[in-house]
There are 2 protein chains.
Amino acid sequence: MKKEKVHDRIIRVASELFYKQGYNSTGINQIIAEADIAIGSLYNHFSSKNDLLHAYLIQEEIGWFDGFEKSIVNIEEPKEKIIAVIDYRKKLQQSSGFAGCHFIKIISEIGDGNAVVSDFVKKHKDKQKEMIRIIVKEYSDKHQLEDASLMADQVFLLIEGAVVTSTISKKNDSFDQVKKMIKGLLP
Amino acid sequence: MKKEKVHDRIIRVASELFYKQGYNSTGINQIIAEADIAIGSLYNHFSSKNDLLHAYLIQEEIGWFDGFEKSIVNIEEPKEKIIAVIDYRKKLQQSSGFAGCHFIKIISEIGDGNAVVSDFVKKHKDKQKEMIRIIVKEYSDKHQLEDASLMADQVFLLIEGAVVTSTISKKNDSFDQVKKMIKGLLP
DNA sequence: GTCTATAGACGGATAGAC
DNA sequence: GTCTATCCGTCTATAGAC
C-alpha cells in the first residue's frame, strides 16, 4: 500500500474535524497538528481555509455517491432498491455515531454567508433527489404509480427527516419508521 | 408601551444573530454593539456566552410552543389540526427567509460538544413529537387508525424533512408535498 | 447602569531559513 | 517538503473609573 500523500492526509484530517466538531470550531493549528504536517505545507496545497472547505465538500460528495451506487448496484427489484437507499443513510448514520448529514451540517453552520457553499449543497441535494427519482420511476414503470415524481419527493423528505431526527435522538428507529411507511405506500 | 428591558434586548439581539449567522460566528462585541449596551452590562446579566446560549434556547422554545398553540387552538377537526401544524412550520420558514429550525441549527453547529444543549434539543424535539402524537390520537379516536403512534412519528419525520429541505432549497414546495402525502394517508 | 482599557488566548495567514 | 517566528486581527472575559 502506497504511503498516504500529504494532500490526502490534510483533507482526511480536516474532513473528520469539520464533520465532528464543526467548521468554525476547527482551527488551522489543530488540523496541522493532527495531520502532523507543517503549516507552510498546508498553505502550499490549499490557498485558504475556505479552499480546504471546498475540497472537503467535493470529496464528501464523491464518497457519498460512490457509497450510494455500491449499495444499490446489485439489487434488481425497484422496491428493494428504494429500501436500500434508506438502509444506506441508516448505515452512514450508524457508522458515524449519528453525526448527521455533512451537507445539512455545513449549511446550518454557515447559513447564507457563503454563496458558493450553499449553491454546492443545493445542487448536491438535487442530485440525491434525482437518484431517488430514477429509482421510483423504475418502480412506477412496473407497478404504475399515480404521480411518480411526487412520490420521489416524498421518499426524499422522509429520509431527510429520518437523518436529522436520528442525529438528535442518537437512535436509528426513525429509519425503520420510514421503511414501514414506504412499504405501505408501495404495495 | 414599556421600554424594553436591557435583559430582554440582549436576548432579542443575540437570538437574531445566533439564528441568522450562527452561534460561533457571533461575537460578544457584535451583540453589545447591535444591542447598544456596554459589555459590563452584558456580563451583569449573563455569566458567559454559553449562559446566553441557554437563555436563547429557552426563549425560542417558549416562543415555538406559543406559536404552535395559537395556530391550532381554533381548529376543531383533527385532520385540519394536522394540516395546521404543517402550515405553522411553513409559516416559520417563510417569515424567517428559510433560515431553518433553531434547534437543528445549533445541534449541527456544536454537535455533541455541549451535553446540556444536545439534551435540551433532544427534549424539545420529543415535546414536538408529543404534540403531534396528541393530535393524531384525536384523529384516530374518530377515524380509527391502525397504528396512531407510528403515524404520528411519520408525520413528524415528514415535517422535519420539509424544514431542512426548504432551508436548502429556499422554497416551500416541500411543505405542500407533505400535505399531499398526509391527506392521502388520512382519508 | 455607562465608558475605556486590557488581559490572555487563539484565529488565519505570511515569510524566511533549512 | 520541514521548522520557527511573527503579523494582525478577533475572541471571551475582567477590571477600574465615572
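Residue numbers begin at 1 in each chain, while the letters A, B, ... track the order of the sequences. Predicted, not measured: the structure shown is a model, and the values here were computed from it.
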From C-beta outward on Ser41(B), which listed nucleotide comes closest to its side chain: dT2(D), dT2(C), dT14(C)? dT2(C)

Between Gly27(A) and Gly40(B), who's closer to the 5' end of DNA chain C by nearest nucleotide? Gly40(B)

Options dG1(C), dG11(C), dC11(D), nucleotide nearest the side-chain atoms of Val6(B): dG1(C)

For atom CD1 of Ile28(B) and atom C1' of dA9(C), their distance in whole Å: 15 Å

Which whole-number value in Å describes the distance from Leu42(A) CG to dA15(C) C1'? 16 Å

Parallel, tilted or perpendicular, as decided by the 30° and 60° cut-offs, for the rings of Phe18(A) and Tyr23(A): perpendicular

Nearest to the side chain of Ile37(A) - dT2(D), dG1(C), dT14(C)? dT2(D)

Looking at the side chain of His45(B), which of dC3(C), dA13(D), dG1(C) is the nearest nucleotide? dG1(C)

Has Asn29(B) got a side-chain N or O lying under 4.0 Å from the OP1 or OP2 atom of dT12(D)? no

Rounded off to whole Å, could you give me the NZ-to-C1' distance for the Lys49(A) and dG11(C) pair? 8 Å

May I have the distance from Tyr23(A) (atom OH) to dG12(C) (atom C1'), rounded to whole angstrom? 10 Å

Could you please spell out the steps behind the salt bridge (Lys or Arg N to Asp or Glu O under 4.0 Å) verdict for Asp112(B) and Lys20(A)? CA-CA 8 Å; Asp112(B) 304 335; Lys20(A) 292 291 181 181; over 6 Å; no

Gap between atoms CD1 and P, on Ile10(B) and dT2(C) respectively (whole Å): 8 Å

So if I apply the ring-ring contact (aromatic ring centres under 6.0 Å, His included) rule between Tyr88(B) and each of Phe175(B), Phe65(B), Trp64(B), which one comes out positive? Trp64(B)

Using whole Å, what does the distance between atom C1' of nucleotide dG11(C) and atom CG of Asn24(A) come to? 11 Å

Does Lys170(B), at its NZ atom, have more than 12 non-hydrogen atoms belonging to other residues, nucleotides or ligands within less than 6.0 Å? yes

Give one of base, sugar-phosphate or nothing for Ser25(A), where a contact means two heavy atoms less than 4.0 Å apart. nothing

Of the listed nucleotides (dG1(C), dC3(C), dA13(C)), which one gets closest to any side-chain atom of Ala38(B)? dC3(C)

Step by step, work out the salt bridge (Lys or Arg N to Asp or Glu O under 4.0 Å) result for Lys137(A) and Asp141(A). CA-CA 6 Å; Lys137(A) 180 76 166 53; Asp141(A) 288 344; 3.1 Å; yes

Taken to the nearest whole Å, CG/Asn44(A) to P/dT2(D) is 9 Å

Starting from P on dG16(C), measure out to CD1 on Ile39(A) and report it in whole angstrom. 16 Å

